[in-house]
2 protein chains.
Amino acid sequence: MTIADTNSWRGIQAELLRRINEREWLPGSLVPSEADLAIEFGCARATVNRAMREMADAGLLDRKRKAGTRVALHPTSRVVLDIPIIRLEVEQRGAEWRYSLIESSAEPASLALTSRLGLPRDSEMLHVRSLHYADNRPFLHEDRWINLDLLPHVRSVDFSAISANEWLIQNAPYTAGDISFSAMGADAGLADLLDAPEGAALFVIDRITWDKDRPVTAVRLSYAPGYRMNTKI
Amino acid sequence: MTIADTNSWRGIQAELLRRINEREWLPGSLVPSEADLAIEFGCARATVNRAMREMADAGLLDRKRKAGTRVALHPTSRVVLDIPIIRLEVEQRGAEWRYSLIESSAEPASLALTSRLGLPRDSEMLHVRSLHYADNRPFLHEDRWINLDLLPHVRSVDFSAISANEWLIQNAPYTAGDISFSAMGADAGLADLLDAPEGAALFVIDRITWDKDRPVTAVRLSYAPGYRMNTKI
DNA sequence: GAGTGGTCTAGACCACTTG
DNA sequence: AAGTGGTCTAGACCACTCG
């Protein structure tokens with residue numbers, strides 16, 4: 001029928017998606033077992049498994065041993081965001097990237113921060129603030145705290161030559177991270193830096209990364225007004 | 001060594017991740033071929049493939065035939081967001097969900113919208129606006145346009161009884177979607193509806209869904225101030 | 001041309017869960 | 001107890017792409 005009706009796993013996946021999309025298989029209903037589908041499509045069971053596993057990962061199917069496979073009741077759409085290095089993000093937009101360091105100094109971190117990170121209160125951390133530009137217009141403000149216990153030699157890095165964002169990606173591996181996205185009104189300081197009116201709505205990303213339960217860095221990225229983060233389903 | 005050093009694909013993947021995280025394999029460097037790793041781990045090549053494929057999907061490895069596999073230079077972190085039905089999102093926060101329809105009427109859509117959707121200009125679409133509440137406080141404003149050509153019987157749906165969000169998920173399959181996230185200041189109308197000051201920073205999701213190149217619906221979700229979208233890496 | 005990853009097979013055993 | 005998905009194997013052929 002379709003272009004991909006070879007008995008490849010992609011072709012099978014496309015057919016299964018069709019049956020779900022066209023309501024041939026209703027939400028919540030039991031679908032045939034891998035073995036049966038393998039017979040129907042004339043292929044090995046592993047091929048059917050390859051097709052269905054991805055759909056289960058994507059939340060379209062619910063699979064349980066013995067109980068079999070069902071079409072998911074609430075197909076929560078799963079969105080994948082790629083968060084690149086800021087320099088690359090700017091350059092991908094066809095703009096020229098520029099960067100300027102505002103401040104880099106070791107300071108005792110706030111109680112709010114140390115408690116979130118599980119560090120002793122008043123721990124000294126490296127506070128790095130900088131601005132990233134796209135075509136000489138402010139693009140985002142990076143406000144970062146780096147764990148000096150974990151990365152002591154970061155004290156001697158010259159963050160006017162390389163952005164903290166990029167240095168960390170290349171030098172500080174992490175195993176987990178928490179991210180949150182929100183909207184905030186620009187305070188006077190941010191408004192000035194981003195060349196925006198005070199109170200302007202800013203898109204904000206807060207991220208904390210961990211290396212096996214030890215915090216690496218906490219950062220807030222505040223984008224200049226008008227920024228959109230795009231993706232596809 | 002580690003807990004999972006059985007020669008399962010998970011164990012192998014953990015070991016590969018360790019080599020990357022601990023800089024045993026440097027970014028950009030060539031890693032052994034699947035065949036060599038299979039010998040090293042004493043398993044079948046398919047098992048190594050299973051471990052590495054996922055890492056390539058996640059952006060940690062770059063794989064090319066003949067050229068081999070390299071550790072990615074810029075490990076762009078990949079974030080997965082689950083976007084559930086709004087009712088479930090509210091209930092998952094432990095709040096009581098309530099919903100109120102503001103408007104539902106067939107109207108000619110703006111040129112901006114019809115051109116984005118690839119519809120004839122002045123096409124009539126169903127415009128549905130509603131408010132979702134969490135514990136009786138405004139949670140988000142849903143402003144939606146539905147393609148009447150594709151879904152003619154939507155005219156007779158009573159959107160005061162079921163939210164457009166939920167009705168569409170259950171009745172209108174889609175095959176693709178564009179999503180964008182941004183921050184916007186609340187205009188007078190939204191401020192009033194969301195019980196927020198005018199100009200307050202709102203987190204906004206714009207989404208257009210398609211069923212094989214035919215637009216299904218375009219929606220803007222404007223969240224009340226303070227909303228955060230959280231996830232993990 | 002040759003090396004690498006992409007995929008498929010036929011079979012096997014196991015883990016989990018339900019009846 | 002039995003059915004289902006999860007995984008692994010040994011082998012095979014193919015597609016791609018680099019040298």
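Protein chains get the first letters and strands the later ones, always in sequence-line order, with residue 1 at the start of each.
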(request) Report the distance from atom CD1 of B:Ile39 to atom C1' of D:dT9, rounded to the nearest whole Å. (result) 15 Å

(message) Please pick, from D:dC18, C:dG5, D:dT7, the nucleotide with the shortest atom-to-atom distance to any side-chain atom of B:Lys66.
(response) D:dC18

(message) Using whole Å, what does the distance between atom P of nucleotide D:dG6 and atom CG of A:Leu37 come to?
(response) 13 Å

(request) Report the relative orientation of the aromatic rings in B:Phe203 and B:Tyr227; use parallel for angles under 30°, tilted for 30 to 60°, perpendicular for over 60°. (result) tilted

(message) It should be established whether B:Thr47 places a side-chain nitrogen or oxygen under 4.0 Å from OP1 or OP2 of nucleotide D:dT9.
(response) yes

(request) Give a yes or no on whether a donor-acceptor pair under 3.5 Å exists between the nucleobase atoms of D:dG6, that is its base, and the side chain of A:Arg45. (result) yes

(request) Could you pick out which residue, A:Ala67 or B:Thr69, lies toward the 5' side of DNA chain C when each is mapped onto its nearest nucleotide? (result) B:Thr69

(request) Ignoring hydrogens and angles, tell me if any N or O in the side chain of A:Glu24 forms a donor-acceptor pair with the backbone of A:Arg19 under 3.5 Å. (result) no

(request) Nearest whole angstrom, please: distance from the C1' of C:dA15 to the CZ of B:Arg10. (result) 13 Å

(request) Name the closest nucleotide to the A:Arg63 side chain, picking from D:dT7, C:dT7, D:dG6. (result) D:dG6

(request) May I ask you to check whether over 12 heavy atoms, not counting those of B:Asp158, lie within 6.0 Å of atom CG? (result) yes

(request) Could you check which residues of residues 26-35 of chain B get a heavy atom under 4.0 Å from DNA chain C? Sort them by number, please. (result) B:Ser33, B:Glu34

(request) Between A:Arg65 and A:Ala46, just flag the one whose closest nucleotide in DNA chain C comes earlier from the 5' side. (result) A:Ala46

(message) If you compare every side-chain N and O of A:Asn49 against the phosphate oxygens of D:dG6 (OP1, OP2), does one of them come in below 4.0 Å?
(response) yes

(message) Rounded to whole Å, how long is the line connecting atom CZ of B:Arg53 with atom C1' of C:dT4?
(response) 16 Å

(request) Measure from CZ on B:Arg50 to C1' on C:dT9 and round the result to the nearest Å. (result) 17 Å

(message) Donor-acceptor check, side chain of B:Arg228 to backbone of A:Ser182, threshold 3.5 angstrom: yes or no?
(response) no

(message) Students often mix this up, so state it plainly: with edges at 30° and 60°, are the rings of B:Phe159 and B:Trp167 parallel, tilted or perpendicular?
(response) perpendicular

(request) Kindly say whether the aromatic ring centers of B:Tyr223 and B:Phe139 come within a distance under 6.0 Å. (result) yes

(request) Find out whether B:Leu221 and B:Val204 are in side-chain contact, i.e. whether some heavy atom of one side chain is under 4.5 Å from a heavy atom of the other. (result) no

